[in-house]
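Reckoned from all heavy atoms, side chains included, excluding hydrogens, waters and symmetry mates. Please read these numbers as outputs of a predicted model, since none were measured by experiment. Indexing begins at 1, ligand by ligand and atom by atom, following the structure's order.
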Amino acid sequence: MKDLKGNYAVVVHRHADPDAVGAASPFKLLGSPTFYAPGGLSSLGKKVAKHAGIEFVEEAPKEDVIIILDTASTSQLPGVNLEGKRYYRIDHHATGNIEPFAVDPSATSTSEIVALALRLLEMELPVEISESLMSGIIYDSKGFRLAKPNAFKAMEYLSRYGSVQRAFSLLEAEEIDFSKRMARVKACERLVYRKVKEYLIGATRIGANEGDVARTMISIGLDVIYVIREEKDEIRVYARCSPRILKLGFDVSKLLKSIGEELGGSGGGHPGAGGMVIPPIEVEKLINKLLGRTSREIARLLSSGGKG
Ligand SMILES: [Mn+2]
């Protein structure tokens with residue numbers, strides 16, 4: 001592609017993941033690209049970008065030639081206008097409103113498509129590029145669980161130039177920071193829980209990191225958790241559910257909507273994750289109400305045989 005000789009843009013989707021970033025990495029070997037992530041990078045995406053030695057700008061590209069990676073639709077590219085530009089979409093997503101250039105829906109990752117093209121060109125790769133591409137393949141194939149022969153063909157080529165082990169370690173989450181660990185421990189200390197048959201429901205209070213605390217409480221074994229955060233003139237409640245209780249037909253958003261309205265506020269969300277904002281009340285009372293109503297709802301679902 002003669003377009004890749006001079007200045008051009010490489011663009012990845014919002015919250016770009018290791019596959020998008022991995023697929024972008026070898027372009028730094030071709031001409032003088034600028035890398036754009038108009039919707040930012042995910043935390044693992046950042047880790048891979050750092051490893052690859054590329055910096056992304058969080059804005060819309062200015063260049064006339066654009067390589068679009070791992071992105072099928074303009075809704076994934078906030079603020080980007082493709083009109084009048086020469087663009088090339090390299091991707092493994094089948095459907096979207098961006099004209100395809102090299103799109104293979106049978107590939108498990110965009111990194112795989114890019115790696116196989118480099119393999120055809122018999123490119124010798126720097127170690128950080130081969131490892132970034134491998135991490136993209138590993139990430140999107142869910143650790144090879146979804147991989148097809150071409151993913152291994154790409155891995156065979158890439159592993160000549162880098163370490164598979166380092167590619168895996170790029171995908172390990174960063175160490176949890178102190179404030180998060182502190183919030184998790186406090187949430188456990190303040191946990192109030194009840195057992196309803198074989199289900200565990202609970203509530204806790206915390207001043208920050210509600211989302212992480214809620215996920216942690218589900219991962220330690222609760223089926224429904226309410227994380228309460230008291231602010232100056234309101235109380236916020238975050239809720240999460242286990243897949244186990246969702247199978248029963250439990251919908252926490254309905255419950256929070258009705259309790260929220262009763263208490264002069266509002267609530268909603270999805271069956272498995274919801275929120276509620278209400279005027280200040282005594283937290284003990286609120287916990288009793290949340291757990292009481294949740295127990296009754298579970299009992300009702302169990303007696304009606306679920307899904308009702
Ligand atoms: Mn992908």
What one should report as the nearest heavy-atom pair of V213 and A187 is CG1-CB, 3.4 Å
Does the gap between the ring centers of F101 and Y87 come in under 6.0 Å?
no
Per-pair distances, 0.1 Å, donor-acceptor, side chain in residues 268-289, under 3.5 Å, sequence neighbours excluded:
from: N288; atom 1: OD1; to: R194; atom 2: NH2; distance (Å): 3.3
from: K289; atom 1: NZ; to: E262; atom 2: OE1; distance (Å): 3.2

Shortest-distance N, O or S atom of [X] relative to the Mn ion (ligand 1):
X: D70; value: OD1
X: D140; value: OD2
X: D19; value: OD2

Return yes when at least one N/O/S atom of [X] is nearer than 2.8 Å to the Mn ion (ligand 1), and no when none is.
X: D17; result: no
X: D91; result: no
X: H93; result: no

Does Y157 use its side chain to pair, donor to acceptor, with the backbone of M123 at less than 3.5 Å?
yes
Who passes side-chain contact (heavy atoms from CB on, under 4.5 Å) against A154, sequence neighbours left out?
E112, A115, L116, I137
